[in-house]
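Starting from 1, each residue takes its place in the sequence as its number. As the structure lists them, so they are numbered: ligands from 1, and atoms in each ligand from 1.
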Amino acid sequence: MGVGRSALLWASKNNFLKNHATQWKFIRGAVKKFMPGETVEKAIEAAKVLAAKSIPSTFTHLGENITNLEEAKLVVNHYLSVLEKIYNEKLDIEISLKLTQLGFDISYDDTLNNFRRIASKASGNGNSVWIDMEDSSYVDKTIKFYKEIKKEFNNVGLCLQSYLYRTEKDLSELIQIKPWIRLVKGAYKESSEIAFPDKKDVDTNYFNLSLKMLETLKENDVRMVFGTHDLDLINKVTEAGARLNIEMEKIEFHLLYGIKTNEQDRLSRSRSKIRVLISYGEYWYPWYVRRLAERPANVFFVLRNIFS
Ligand SMILES: Cc1cc2nc3c(=O)[nH]c(=O)nc-3n(C[C@H](O)[C@H](O)[C@H](O)COP(=O)(O)OP(=O)(O)OC[C@H]3O[C@@H](n4cnc5c(N)ncnc54)[C@H](O)[C@@H]3O)c2cc1C
């Protein structure tokens, strides 16, 4: 892992910076590249602009590691009202959330109940919910949670990360329960004991896992999503899908708002499916710094805002 990426991932967890940097005007300006605003109304405006280009969205209300269950209730109520709004306005917007936003650090059972309320509302509205994958300390627990919730709901998907050595085994096991999977490379600081330290190995693993996902997609009624902006991987997955005679309409690419927008437009005109994840909310600091770490060149964009 490069020094720049490592330093940024350290900064993403730093409390002093979390409390102060969010007030700095040049940072607030720079964050707009990745986030249309702090309110759900701003996110809906952005989703409508994308929808006009036939690009559906996924919403994430930013937040993680909440420290009391009252906060979790507010998060649940927020998502319930957003699902209602999406349904009433007939928008194609799914939900993606972090379990630590629903109380995972405090109580597994309360998190299950909180999640059930959201998944049940989404299911009634014909909508879907994705579970983000957080750092490696949560992977066992999150997979256990997904397996449990999958018995009750068919409209829930799970994110897996190709930088972890364990993901190949996790994917093979999950395939038995016909999961919905969103594969990403992984955004946290992890040690080389559990994660590939070299980017090229993360990419190779991503492609190997993609092949397994495509084979599963061919045989089962599942959703297999490729969450990446890596054009080389997008092309390779598309080609592999064609070789396996998979209908292109079944192959989904999910990208983040504001990243590789030309590619988003291109994919919207192709036969593959595309969806763009829009994040919003006041609690954007750790999430934003992880975006900077993915491409340390983004820091220059922040610096440019100081002078503009
Ligand atoms: C839909 C979606 C959901 C995600 N959910 C999770 C999750 O639940 N858990 C998790 O750990 N991670 C998640 N991530 C983040 C993911 O793990 C990666 O950190 C991120 O997607 C960057 O990796 P990449 O696949 O785009 O490949 P990279 O090799 O990092 O990037 C490929 C190219 O895309 C562009 N690019 C990538 N990131 C940026 C950026 N921040 N700014 C500007 N350009 C950029 C650059 O041109 C880069 O060369 C998610 C990503 C997506 C797209």
(request) List for me each residue that meets ring-ring contact (aromatic ring centres under 6.0 Å, His included) alongside Tyr165, sequence neighbours excluded, and say none if there are none. (result) Phe196
Under 3.5 Å between some N or O of ligand 1 and some N or O of [X]?
X: Lys185; result: yes
X: Val184; result: no
X: His254; result: no
X: Lys199; result: yes
X: Lys260; result: yes
X: Tyr188; result: no

(message) Could you tell me if the side chain of Met248 sits less than 4.5 Å from the side chain of Ser270, heavy atoms only?
(response) no
(request) Hey, could you give me each pair passing ring-ring contact (aromatic ring centres under 6.0 Å, His included) that has a residue in residues 80-102? Not counting sequence neighbours. (result) none
(message) Both conditions, 6.0 Å and 45 degrees, for the charged tip of Lys98 above the ring of Tyr138: are they met here?
(response) no
(message) Angle between ring planes, Phe145 versus Phe104, binned at 30° and 60°: parallel, tilted or perpendicular?
(response) perpendicular
(request) Classify the ring geometry between Phe59 and Tyr280 as parallel (under 30°), tilted (30 to 60°) or perpendicular (over 60°). (result) perpendicular
(message) Can you tell me which portion of Glu134 lies within the under-4.0 Å heavy-atom range of ligand 1? Options are side chain, backbone, both, or neither.
(response) neither
(request) Indicate, as side chain, backbone, both or neither, the part of Ala187 found under 4.0 angstrom from ligand 1 when only non-hydrogen atoms are considered. (result) both
(request) Using a strict cut-off of 4.0 Å, indicate which atoms of ligand 1 neighbour a heavy atom of Asp132. (result) 8 (O)
(message) I'd like the name of whichever of Asp230, Leu256, Leu231 reaches closest to atom 32 (C) of ligand 1 through any heavy atom.
(response) Asp230
(request) From atom 25 (O) of ligand 1, work out which of Thr228, Leu158, Val225 has a heavy atom at the shortest distance. (result) Thr228
